[in-house]
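For reference, the structure is listed below as structure tokens.
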Amino acid sequence: MEIDCLPFYRTGYFSEFICDYLAEEPQVRNFFNRFPNLKNFGAQIAEKATSFPDANREVLYEALQKQYKGFNVAKETQTHLKKLKEPITFTVVTGHQLNLFTGPLYFLYKIVSTINLTKELKKAHPKYNFVPIYWMATEDHDFEEINYFNFRGKKLKWNRTASGAVGHLDTKGLDEIFEAFSNQIGNSTNAMALKELFKKAYLEHTNLADATRYLANELFGKEGLVIVDGDDRSLKSLLIPYAQKDIFDQLAYQKVSETIVQFDALDQKYGVQVNPREINYFYLKDGLRERIVEQNGSYFINDTDIRFTKEELQKELKAYPERFSPNVIARPLYQEIILPNLCYIGGGGEIAYWLELKTMFEAMQVPFPVLLLRNSALVVTEKQTEKLAKMNLSVEDLFLKQSSFINKKIREISNIDIDFTPQKQQLEEQFKAMYELAEQTDASFLGAVKAQEVKQKKGLDNLEKRLLQAQKRKLKDHVLRMTEIQNELFPNKSLQERNVNFSELYLELGEDLVPMLLDTLKPLQQEFTIVKM
């Protein structure tokens, strides 16, 4: 196995803003608490230790004991659950939706990044304990985002009606997905293991939250991963005073709006990821998850006949905290309230919207975590590596847009140097003299000279393109093989990790897949990892 790394900015798949964040540029430094390096985690530990009550640890421990009831819990996870009660224990968190059969590959990369960071922190700060957490987004209601996974270019989709929080959904209909998946993967040893994993997760559990817990536990339980479901009455009881400030004082709306104004001054480098609402909570009850809206001092549940006075809603929050579901703005705060957390690990979009929240955290008097961009990777199989070698292609070339990739390689392998840059430079030198002549004789001719220069440059561009097309036709078979391997590794002209399901790699690597990722991905390295098998 060979490992290469590329800086994120050279892959072309990460925004300039995120690259600035990774470089700790002054223009974005104010929006995160501490830059993610081992030295800064010492200060983060000290800050969290003085602000996280022991009573919250007890609530967390008891809630997790109930959530894991009926599951086969690995001894490593059992150990971590017990350690959460100790004041010297801290967490590292990643969160993800309940995508069917994990969804795209980066689900695994998020969790591996989280596990590996806890290991690095333990080496750097040995007197403390560090527990990796997977926060299940059980209260999301975007069913269309999670009801499928891709396998060998085909979408295996769970077709059903759905409403409310996805974690509550029963697993009816997933037997059809299981049958379709089973028919496609064959009967190898690794295929049989995948079938058993899918079957036990989705056909032997009654709701999507339990199915996802089983799946993540099977994949990562031996690494001590602790899985948290925030849809929990006892955990939400800790959220009550903060929810009050959001719902009745609109504190989150005010602070996040102020931060977005600051982002607007960053020369369009940052596109606003999420906009706050005046109230950042949904009402969750009996299959319903709808926004809470305030109008003239009364509170309504959107698209329903349910309404409350302010006093009634305050009583409802205290009596039934489980009915109040935080949205994308409030959920990060909820995580940090109930967990002794140091760091959140997420994708580029997630990190960008977390950066909108720092002033809100400060106003709520909750420590803002270190933010770390998850690992990204491209896994190249042995066969694909051989194909690349035969065509003398580098993996870095594959990150180019397909047209640029083809043109670059055609120029390299062609005996003719189809690059008119020298001719264009020579043309510009000739026109400099013509501009000088026009100014000395009649300045009104400058426009005509400029038009002629543009025309001749365009002619050279067209000639260059025609010659490239001719060379592509001549090397048609080679171009076809190049595009085929690029499309294999970048399906839909996007990153592999955003399209491919882990099952495709599991068929080749089996139980070695997760250990390989654990050995390969370095969370603080902050580069794009290329794994050649």
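Computed from a predicted structure; not experimentally measured.
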Can you name the nearest heavy-atom pair linking [X] to [Y], along with the distance?
X: Val366; Y: Ile337; result: CG2-CG1, 4.2 Å
X: Ala180; Y: Leu156; result: CB-CD2, 4.1 Å
X: Lys358; Y: Asn30; result: CD-O, 3.6 Å
X: Tyr242; Y: Met364; result: CE2-O, 3.6 Å
X: Gln335; Y: Trp354; result: NE2-CZ2, 3.8 Å

Is the shortest side-chain N to carboxylate O distance from [X] to [Y] below 4.0 Å?
X: Arg34; Y: Glu47; value: yes
X: Glu428; Y: Lys432; value: no
X: Arg29; Y: Glu25; value: no

What residues, two or more places apart in sequence or in another chain, satisfy side chain to side chain contact (heavy atoms under 4.5 Å, CB included) together with [X]?
X: Ala137; value: Asp140
X: Lys255; value: Leu251, Glu258, Thr359, Met360, Ala363
X: Lys408; value: Asp397, Leu400, Glu412
X: Val514; value: Phe220, Leu518

Going from [atom1] on [X] to [atom2] on [Y], what distance comes out if it is rounded to the nearest 0.5 angstrom?
X: Ile185; Y: Leu194; atom1: CD1; atom2: CG; value: 5.0 Å
X: Leu388; Y: Ile485; atom1: CG; atom2: CD1; value: 5.0 Å
X: Asp246; Y: Asn280; atom1: CG; atom2: CG; value: 4.5 Å

Pairs flagged by ring pair (Phe, Tyr, Trp, His ring centres under 6.0 Å) wherever residues 507-533 is involved - sequence neighbours left out: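 Residue pairs with at least one partner in residues 507-533: Phe399-Phe528.
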Will you find, in the side chains of Gln27 and Asp20, an N or O donor that is under 3.5 Å from an N or O acceptor?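 Yes, side-chain donor-acceptor contact under 3.5 Å.
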Test item: side-chain donor near acceptor, Gln273 and Glu356, under 3.5 Å: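 The criterion, which ignores hydrogens and geometry beyond distance, is not satisfied for Glu356 and Gln273.
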Under the criterion side chain to side chain contact (heavy atoms under 4.5 Å, CB included), which of Phe101, Tyr109, Tyr106, Phe107 is the partner of Phe502?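 Answer after filtering Phe101, Tyr109, Tyr106, Phe107: Phe101.
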Do the ring centers of Phe52 and Phe90 come within less than 6.0 Å of each other?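 Centroid distance Phe52-Phe90: not below 6.0 Å, so no.
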Do the two ring centres, one from Tyr344 and one from Trp135, sit under 6.0 Å apart?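 Between Trp135 and Tyr344, which both carry aromatic rings, the centre distance is not below 6.0 Å.
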Residue of the set Phe368, Phe263, Tyr353, Phe17 for which ring-ring contact (aromatic ring centres under 6.0 Å, His included) holds with Phe31: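 Among Phe368, Phe263, Tyr353, Phe17, the one that satisfies the ring-ring contact (aromatic ring centres under 6.0 Å, His included) with Phe31 is Phe263.
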Side chain to side chain contact (heavy atoms under 4.5 Å, CB included) evaluation trace for Phe32 with Ile351: CA-CA 10 Å; Phe32 55 87; Ile351 296 300; over 6 Å; no
For Glu278, give me all partners under salt bridge (Lys or Arg N to Asp or Glu O under 4.0 Å), at least two apart in sequence or on another chain.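 For Glu278 there are no salt bridge (Lys or Arg N to Asp or Glu O under 4.0 Å) partners, ignoring immediate neighbours.
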Qualifying side-chain hydrogen bond (donor to acceptor under 3.5 Å, both in side chains) pairs with a residue from residues 502-531, counting only residues at least two apart or across chains: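 Non-adjacent pairs meeting side-chain hydrogen bond (donor to acceptor under 3.5 Å, both in side chains): Asn501-Ser503.
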Tell me, which pairs form a side-chain hydrogen bond (donor to acceptor under 3.5 Å, both in side chains) where one or both residues lie in residues 365-382, sequence neighbours left out?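 Qualifying pairs: Ser113-Asn375, Arg374-Ser376, Arg374-Glu497, Ser376-Glu497, Thr381-Gln384.
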Within residues 101-121 or reaching into it, pairs that qualify as salt bridge (charged side-chain N to carboxylate O under 4.0 Å, His left out) - sequence neighbours excluded: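 Sorted result for residues 101-121: Lys110-Glu350, Lys119-Glu223.
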Could you give all pairs that pass the salt bridge (charged side-chain N to carboxylate O under 4.0 Å, His left out) test and reach residues 487-496, with sequence neighbours left out?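 Matches after skipping sequence neighbours: Lys387-Glu488.
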Return all side-chain donor-acceptor pairs below 3.5 angstrom for residues 145-153, not counting sequence neighbours, or 'none' if the list is empty.
| residue | atom | partner | partner atom | Å |
| --- | --- | --- | --- | --- |
| Glu145 | OE1 | Gln97 | NE2 | 2.7 |
| Asn147 | ND2 | Trp158 | O | 3.3 |
| Asn150 | ND2 | Asn499 | O | 3.1 |
| Arg152 | NH1 | Gln184 | O | 3.4 |

For Asn33 and Val370, run side chain to side chain contact (heavy atoms under 4.5 Å, CB included): C-alpha distance rounded to whole Å, both residues' side-chain angles, the deciding distance at 0.1 Å, then the answer. CA-CA 6 Å; Asn33 193 16; Val370 171; 5.9 Å; no
Can you sort out the partners of Glu396 under side-chain hydrogen bond (donor to acceptor under 3.5 Å, both in side chains), two or more places apart, ordered by chain and number?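 Only Arg10 meet the side-chain hydrogen bond (donor to acceptor under 3.5 Å, both in side chains) criterion with Glu396.
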Cys343/Leu117 under side chain to side chain contact (heavy atoms under 4.5 Å, CB included): CA gap, chis, key distance, verdict: CA-CA 9 Å; Cys343 176; Leu117 180 58; 3.8 Å; yes
If only atom types and distance count, is the side chain of Lys532 paired as donor or acceptor with the main-chain N or O of Val379 below 3.5 Å?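 Such a contact is absent between Lys532 side chain and Val379 backbone.
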